[in-house]
Amino acid sequence: MCGIIGYIGEESAATILLNGLKRLEYRGYDSAGMCTIDQSKIQIKKGVGKVDEIHKKLNLTNLSGNIGIAHTRWATHGKVTIANAHPHTSCKEDIAIVHNGTIENYQELKEILIKDGHNFKSETDSEVIAHLIEKFYLEYKDEEKAVLTVANMLKGAFAFAAIFQKNPNILIGVRKDSPLVIGIGKDGYFLASDILAFIDHTDRAIFLDNQEIAIVSRKGVKILTFNGLEVNKSITQVAWEVSDVSKKEFKHFTLKEIKEQVYTVRAALNQDLNKIDEFCNKIKNAKRIYVVACGTSYHAGLMAKHLFNKLAKIYIEPIIASEFLHYGDLTDGGSVIIAISQSGETADVLNVVREARKQGLKVFAIVNSVSSSLVRESDLSLFINCGPEIGVAATKSFTSQLVIIYLLALKLAGLSIEDSGLLKLSKYVREVLKLEDEIQKISLKYYNNGDFYYVGRGPHFPIALEGALKLKELAYIHAEGMPAGELKHGTLALINDGTPVVVLNPYDETYFETLGNAAEMKARGAKIIGVSDRMNEIYDDFIHLPTVNKLLYPIIEVIPLQLLAYYITIARKQDPDYPRNLAKSVTVK
Ligand code: AGP
């Protein structure tokens, strides 16, 4: 939930680190900081707020030196304060670290260190890393040995980088259950939570595996396992272009990524059909198929349940990842796990995957980030190919996940892709995006409301959940998604004069029953925002979708809900790319 970046090379580190921080802000943006070493002196600047605000105040780029580390924070332990911002330093302030993750045993370590005479300046768990390294560096006079010792003492999920005032020629990175990647540039080396941090400088990367340590100097990289063995790792040429990570002509990444769906749904279709076959063959005979995911990806899992059942008569059980180990049964033998995750780094998902693999289950992933932990820890992965998704709210990744799920359901049902209409999806998406101005007008009528309801039946229920989540996380408006038929069992009591209800009501087998639910709500004062391919006078506002193949309709149905949430957010003068309290990749449990 934080972003770290380090650099060592011939260039001035500060500018490189600042640009890298901006690329990592989607991972957390409540505070940030940077430190460099110049003439054997560590210099630190850190502050509260977004990177640009801190830079304007502190002028981060006047930190000199060609080695440094930097961090953008999403607070886990300790409030959002300057003292809790990273980098953190040792007592003598001659060792600095930046950390992403959580140190589960930090209290006991902190007690030992305080007894040893160490003085702490922050409330964070991360600071113990700096003091522990100091303790063992004093003992061994060897940076590598000190960090190796510390790495083996820490419990939890962590990725950290460390620099040493006494030796400005090495940058050390450590990875356990949180992502850390090395960039191999022409004029220097990078360490970062995500390749996005250094993609402007190099597309050559080494992805550290769990329990590995990188000792990076200006001459190269040495990689050790936690038990001190040196390992050779291949260099990966990363496919992403720099343009993928710029906003281009758009004001926000979120809008850019909503619009990109014209292309990304087509890119998702670009699958190796042998891998689709292989994926289906490996799941179809399983005794039980669990889908494990969070948030938007969980809504894709619910859509998979609908489609696999309806088309292929295969029952699957989507379970929210953080709930799974409380009632999913991994020991019943013959089960398989389908893990759906855009980032491939969601701790709740990885936690289940690791437990499942310990029990000998097979894990199959549907994922965007090809270099993620989930890919490395799955038996087979299908890639949604939607490119980097920077906006914290999942948009293009959701429709791309749905495309893969449709391909799998069609394959399992022995149905042809050509007849499904999937190949025309891009055209349908383009048509729906033409509704942008109308949707923006609707957003201006409702942006001050405090509660929204999204209702739908059958395949439209997961889309109702997704529409509600978009509004909550972007506009900070309470919204509830629910089955249309469920309203009368309690929630109808909350429908009041002017309560906006988004009714997903295409002219399919759910049409008339859902229309009846809309009438029930309208009779109690609700404002009905109808999303359908057929007008009805019950609707106070109407988003007119094209009539498309019924099977595919849910994929295009979510797009107006994404636009509605985006424009309500804009009307509320909030930043859709950096919603408060959230981060793009939830790497803590
Ligand atoms: C969705 O808009 C949110 N950003 C969040 O719910 C997200 O879907 C969830 O954290 C899962 O992320 P993942 O797909 O990367 O695992």
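Scope of the values below: all heavy atoms of this structure, side chains included, with no hydrogens, waters or symmetry mates. For ligands, and for the atoms within them, numbers begin at 1 and follow the listed sequence.
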**Study point:** No-hydrogen, no-angle side-chain donor-acceptor test under 3.5 Å, Q562 and T395
**Key:** no
Practice item. Decide whether an N or O pair under 3.5 Å exists between G295 and ligand 1. Key: no
Check your understanding: Between D52 and K22, which heavy-atom pair has the shortest distance, and what is it?
Key -> OD1-CE, 2.9 Å
Practice item. Give the C-alpha distance, both sets of side-chain angles, the deciding distance and a yes or no for side-chain contact (heavy atoms from CB on, under 4.5 Å) between N84 and S31. Key: CA-CA 9 Å; N84 289 338; S31 53; over 6 Å; no
Practice item. Just jot down the ligand 1 atoms closer than 4.0 angstrom to any heavy atom of K470, in number order. Key: 1 (C), 2 (O)
Practice item. Check whether the side chains of Q342 and S297 place a donor and an acceptor atom closer than 3.5 Å, and report yes or no. Key: no
Review point. Does a donor on one side chain and an acceptor on the other come within less than 3.5 Å for S381 and K275?
Key: no
Check your understanding: Which ligand 1 atoms, with their elements, are less than 4.0 angstrom from a heavy-atom of A393?
Key -> 2 (O)
**Study point:** Any N/O pair I340/ligand 1 closer than 3.5 Å
**Key:** no
Exercise for review: Examine T346 against ligand 1 and note whether any of their N/O atoms are separated by less than 3.5 Å.
Suggested key: yes
Point to revise | For T296, atoms of ligand 1 separated by under 4.0 Å from a heavy atom | key: 1 (C), 2 (O), 6 (O), 8 (O)
Check your understanding: Backbone, side chain, both or neither: what part of E473 comes under 4.0 angstrom of ligand 1, heavy atoms only?
Key -> side chain
**Study point:** Atom NZ of K233 with >12 non-hydrogen neighbours under 6.0 angstrom
**Key:** yes
Exercise for review: Would you please determine whether V392 falls within less than 4.0 Å of ligand 1 on a heavy-atom basis?
Suggested key: yes
Point to revise | Candidate with minimal heavy-atom separation from atom 11 (C) of ligand 1, of G391, C294, S372, S397 | key: C294
Point to revise | D541/K527 salt bridge by N-O under 4.0 Å criterion | key: no
